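First comes the structure, then the notes that go with it.
All values reported here derive from a predicted model rather than from experimental measurement.
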Amino acid sequence: QGLANLAALDAKWMERWKTKCDHKFINPRRLVNAGRQKLENSETKKMYSLTMFPYPSGVLHMGHLRVYTISDVLARYYRMKGYDLIHPMGWDAFGLPAENAAVERGANPDTWTRSNIAKMKNQMKRMSTDFDWSREFSTCDAEYYKWTQKIFLELHKHGLAYQKKAEINWDPVDKTVLANEQVDAQGRSWRSGAIVEKKLLKQWFLGITKYAKALNKDLELLGEWPSKVRTMQRHWIGESNGCEIKFPVNPVEGTNIKLPSDALNVFTTRAETIFSVQYLALSFDHPITKMLYNTDFNLKGFIDRLNKDGEESEKSREGYRLEGVYATNPLDAGTKLPVFVAPYVISSYGNGAVMGCPAHDTRDFEFWLANMGPNSAIVYTVEPNSENVEFIEGEPFILKKGKMSVNAKFLQGLSADDARKKVAEELKLIQMGDFKTNFRLRDWLISRQRYWGAPIPIIHCDSCGVVPVSDEDLPVKLPHVDKLLGKGGSPLANIEEFVNCECPSCHKPAKRDTDTMDTFMDSSWYMFRFLDSKNDSKPFSKEVASKYMPVDQYIGGVEHAILHLLYSRFISKFFNDIGWYDNKEMNGEPFRQLITQGMVHGKTFVNPATGKFLKPDEYDITTSGDAIIKATGEIASISFEKMSKSKYNGADPVECIQKHGADATRAHILFQAPINDILDWEEAKIIGVERWIKKVLKLAVDLADGCKEGSTIGLDKHFSPVTEQDIELHNILHEFERGINDSFGKTPSLNTLISYYMKYTNALTDSVKKGQTTSKYLEYKFLNLVKYMAPVTPAACEEAFELFNYKSKQKDQFLLEADWPALDEPIESLLNYNVIINGKMRFVHKAPAELTDDLDACCKEILSTQKGAKYLAGKEINKVILKKGAIVFILKK
Ligand code: ANZ
Ligand code: ZN
């Protein structure tokens, strides 16, 4: 019958779409449909549906299958709905894997990347994805990174790109810089195994912290993002509202210390605790610490020892007291406060200095007792403001909501909240402090001592300093290399033709910057480029970007919840601020809705006796689904875990497509779990959707039998139920149609979508079996079903459409070109109408309640019935009276 092989349908229909739809597989509707012009000019709603573009590793994995299926199904739906759709795809192609692969194979990263792109593109097409490849680009194309460089220069022009010395990870064996991810928990290089050193190098930073306030505030505009992602961003930005306080510092009399300044700034969120301050603590990088490091031998020993522990040392409560220095409280000059250097004070936060309040902060409390002895007194100034709050003498009282106690001098009696403000105001008056907001967010370090990235378009000149490359000289092209050696820091620094250049300003010999940009920079603006990917005079046109941004629907992995999304938000806001596009409505936010898909887990078999993962050839699956370990005869334990080579639980999407076809594979992956949840992949379960798709094809054949000459009910026409059985079916299907439409709603639910399709198919099949429904009505509903299914199973739908033997004036009409069906409203069941003619009740006519709404239609319908014709044919009608329940004809005598 030809129905069995679903996998064969893909090839058949892809070929037809390609040849019959203007020789393009992409967007056949757009290319064929003459209405396209109309779409662009009218007020049609735009839909920019973007999926995070992949890194071209060369292999499509199950995560890709999942996210691209979701994206493709939504896009096809919006296209059928008549939206002005943008659904692009491209490649995030710079980065370490290509470089490492190139180093390992002695090859060129460009060649490696290009061949991976070709492979993956092919695999994506096999999934029946309908991306708009006319917009395609790779971030490693010179035509793309030219604009990445331009954006860097624009940031530079606005003071948002600057150089600063920063610590980097240096592998002393391989003589190369390492990314943080390449340093293991023991501080060793992943490649050479050497203990990684910290080195100070001049690095380029982007001033994202200038946008910290807006990035935090505008999270409010992102109501259509998962709240978990917003929370993660909020934490990362870490806005903290507090107070900066100046504590005068002095050398102890008799020492010859010269301090770098006479006051020490601290940041606090608890200014009301100022009279509880018993010491100050400085970070290792504080200017005072740094100054004394060189003269105080013991201090140097202390710092060097703790520095070895890296971030672990933050947990230490050790301290080093600076005996030669003391501080005073700006509101209470009488007390002398000891000053410590403490590993728990973070250099890069606030002022790298804290005011220590043992009575009201746990860390300070622990630090104080550890350094001053376990019985040291602490000074409480805040007390509970209600009896329900517990206060334990000898432990820190850390509640922020409290009342100021008798020790709090002029603050006594105030609430802690009021006291906090009061202290800041008092300090402001005497110029010893002020309100202050701090952020945890740091500026974005973008220098990479790597080859495979966009070169930083800067020239260093001995006379002129830092000189930006001028626009006409962009792009600064990556020089071609035959072989990458992977040793000795920036590979570009070893290529003399690249390094040596002329200073654009004084024309003397100068040197290029040899670092490349972080790949997050490439992906921070790609959503703009997709809108205008062929533009060779600027990154993108202002008009187009203003029209299509923000992205309406951004689909991707939650692993990008922080960095990529934050960087993109920063760059989009920057574009908005410098007038590269207008996005007032969302204040430069790039993504209106964010949809994050869950991971795909693989079926994992473990030998319970040894805990070892089992390879597929080490067990047999019984009919009941148990896995018997061949070697021991025991039953293996089965779980679902993140796919990985070491667990032998990977699955290959392309293999699945080869076996079952793209349609079934797509439907299966949608059906198995809600979008946001982890999906436990079991290929065997695909049989359920296969059965369903075959049912649909069978329906097509059965219905075609009923209309041998072909159905002509009109592809985009509405068709009303006629009989009571029609209405019954209509109302059953209405529920599923509503379900299907809702599944595509604001929060798409694509697993329930598939179950509605199945229910719809079953109801239609039952009706056909019973044979009581009007055939035209069945045909109409069947066409609706295949249209509804088209976003998920495009090839099977075309096949069904063809098998159904649909006749139309337009040859080669594709279902892909159909509009999304309008939702049919439910109908109350038929009413009985008494047909009264000249005062005599003649017969009962069954019809929907709307019958009596329209006089002409009503007369026609009655006349078209057998009985109606008998009494009324050829008679002249004088008057008709319509009522619910009765139709009264008065005839001419
Ligand atoms: C005095 C005080 C009293 C504090 C008290 C807390 C409780 P967030 O909310 O995260 O901004 N702090 C300031 N700079 C620091 C640094 N560089 N390293 C480590 N800790 C630092 O936290 C602000 C609080 O963290 C500040 O408020 C300060 O301690 C500490 F009962 O000041 B507090
Ligand atoms: Zn110069």
Side-chain angles (χ1 to χ4, degrees), residues 94 139 142-166 168 200-215 441-450 453-478 490 492-493 498-508 510-526 528-529 535 537-540 542 545 563-564 566-581 588 590:
F94 273 139
T139 55
E143 299 78 31
Y144 182 83
Y145 70 70
K146 170 180 181 175
W147 302 120
T148 309
Q149 291 173 335
K150 166 81 185 161
I151 291 161
F152 172 89
L153 293 175
E154 198 68 19
L155 288 159
H156 188 249
K157 198 168 98 190
H158 286 84
L160 290 167
Y162 63 92
Q163 266 185 311
K164 182 175 87 177
K165 279 205 168 169
I168 45 99
L200 268 184
L201 273 187
K202 252 197 178 174
Q203 308 272 300
W204 283 98
F205 287 84
L206 299 185
I208 190 172
T209 52
K210 290 231 168 79
Y211 278 76
K213 185 120 220 155
L215 288 168
L441 184 68
R442 300 285 74 135
D443 273 348
W444 175 13
L445 196 171
I446 57 150
S447 308
R448 295 291 178 274
Q449 291 71 33
R450 286 285 169 182
I456 292 177
I458 288 288
I459 289 166
H460 299 277
C461 169
D462 282 342
S463 331
C464 315
V466 167
V467 186
V469 172
S470 48
D471 282 358
E472 314 84 76
D473 294 335
L474 293 181
V476 176
K477 276 205 182 158
L478 266 184
S490 295
L492 290 177
F498 177 82
V499 178
N500 295 317
C501 63
E502 186 184 89
C503 169
S505 161
C506 71
H507 304 290
K508 281 192 243 162
K511 290 196 185 307
R512 284 191 194 284
D513 203 298
T514 55
D515 285 351
T516 53
M517 289 184 236
D518 180 5
T519 56
F520 276 119
M521 181 69 187
D522 307 321
S523 55
S524 69
W525 73 282
Y526 78 115
F528 289 86
R529 186 66 181 171
N535 198 327
S537 62
K538 40 184 146 162
F540 52 88
K542 175 171 182 168
L563 296 182
H564 163 61
L566 202 62
Y567 296 146
S568 306
R569 294 180 61 215
F570 161 49
I571 296 294
S572 305
K573 282 180 179 300
F574 171 65
F575 289 168
N576 187 40
D577 287 352
I578 60 173
W580 277 17
Y581 80 126

Heavy-atom side-chain contact between T148 and T139 under 4.5 Å
no

F520 CZ to L563 CG distance, which is reported to the nearest 0.5 Å
5.0 Å

Identify the residue among Y526, F540, W525 that makes a ring pair (Phe, Tyr, Trp, His ring centres under 6.0 Å) with Y144.
W525

Residue pair H158 / K210, side-chain heavy-atom distance below 4.5 Å
no

When you compare the side chains of S470 and D473, does any donor N or O come within less than 3.5 Å of an acceptor on the partner?
yes

All salt bridge (Lys or Arg N to Asp or Glu O under 4.0 Å) counterparts of K213, not counting sequence neighbours
E239

Row check, F205 ring normal vs K164 NZ/CZ: under 6.0 Å, within 45°
yes

Which atoms form the tightest heavy-atom contact between V467 and C503, and what is the distance?
CG2-SG, 4.1 Å

Flag, side chain of R512 to backbone of C501, donor-acceptor distance under 3.5 Å:
no

Could you list the residues that satisfy salt bridge (Lys or Arg N to Asp or Glu O under 4.0 Å) with K157, not counting sequence neighbours?
E154

With distance as the sole test, does Q149 use its side chain to make a donor-acceptor pair with the main-chain N or O of V476 at under 3.5 Å?
yes

Side chains of L445 and W204: does their closest heavy-atom pair fall under 4.5 Å?
no

From L492 CG over to D513 CG, what is the distance, rounded to the nearest 0.5 angstrom?
9.5 Å

Between K150 and D471, is there a donor-acceptor pair closer than 3.5 Å when you use the side chain of the first and the backbone of the second?
no

What verdict does the side-chain contact (heavy atoms from CB on, under 4.5 Å) test give for W444 and L566, after you've listed the backbone C-alpha separation in whole Å, the side-chain angles of each residue and the deciding distance to 0.1 Å?
CA-CA 11 Å; W444 175 13; L566 202 62; over 6 Å; no

Which value, rounded to the nearest 0.5 Å, describes the distance between C464 atom SG and H507 atom NE2?
9.0 Å

How long is the straight-line distance from NZ of K202 back to OG of S447, given to the nearest 0.5 Å?
11.0 Å

Backbone of R450 reached by a side-chain donor or acceptor of T516 within 3.5 Å:
yes

Check against side-chain contact (heavy atoms from CB on, under 4.5 Å), L155 and F570
CA-CA 11 Å; L155 288 159; F570 161 49; 4.1 Å; yes

No-hydrogen, no-angle side-chain donor-acceptor test under 3.5 Å, W147 and N535:
no

State, without any angle test, whether Y567 and D518 hold a side-chain donor-acceptor pair at a distance under 3.5 Å.
no

Minimum heavy-atom distance P475-Y145, with the two atoms named:
CB-CE1, 4.1 Å

Closest non-hydrogen atom pair, I571 against S524
CG1-OG, 3.4 Å

Does the side chain of M521 come within less than 4.5 Å of L206's, by heavy atoms?
yes

Go through the structure and list residues passing side chain to side chain contact (heavy atoms under 4.5 Å, CB included) with V499, not counting sequence neighbours.
K511, T514

How long is the straight-line distance from CG of L153 back to CD1 of I456, given to the nearest 0.5 Å?
10.5 Å

In terms of ring plane angle, is the pair F152 and H156 parallel, tilted or perpendicular, where the classes change at 30° and 60°?
parallel

Around K477, counting heavy atoms of other residues, nucleotides and ligands shown, do more than 12 lie under 6.0 Å from its NZ?
no

S505 and C461: side-chain contact (heavy atoms from CB on, under 4.5 Å), yes or no, with the steps?
CA-CA 9 Å; S505 161; C461 169; over 6 Å; no

Taking it one step at a time, do F528 and I151 satisfy side-chain contact (heavy atoms from CB on, under 4.5 Å)?
CA-CA 12 Å; F528 289 86; I151 291 161; over 6 Å; no

In this structure, OH of Y211 is separated from CZ of R569 (nearest 0.5 Å) by 12.5 Å

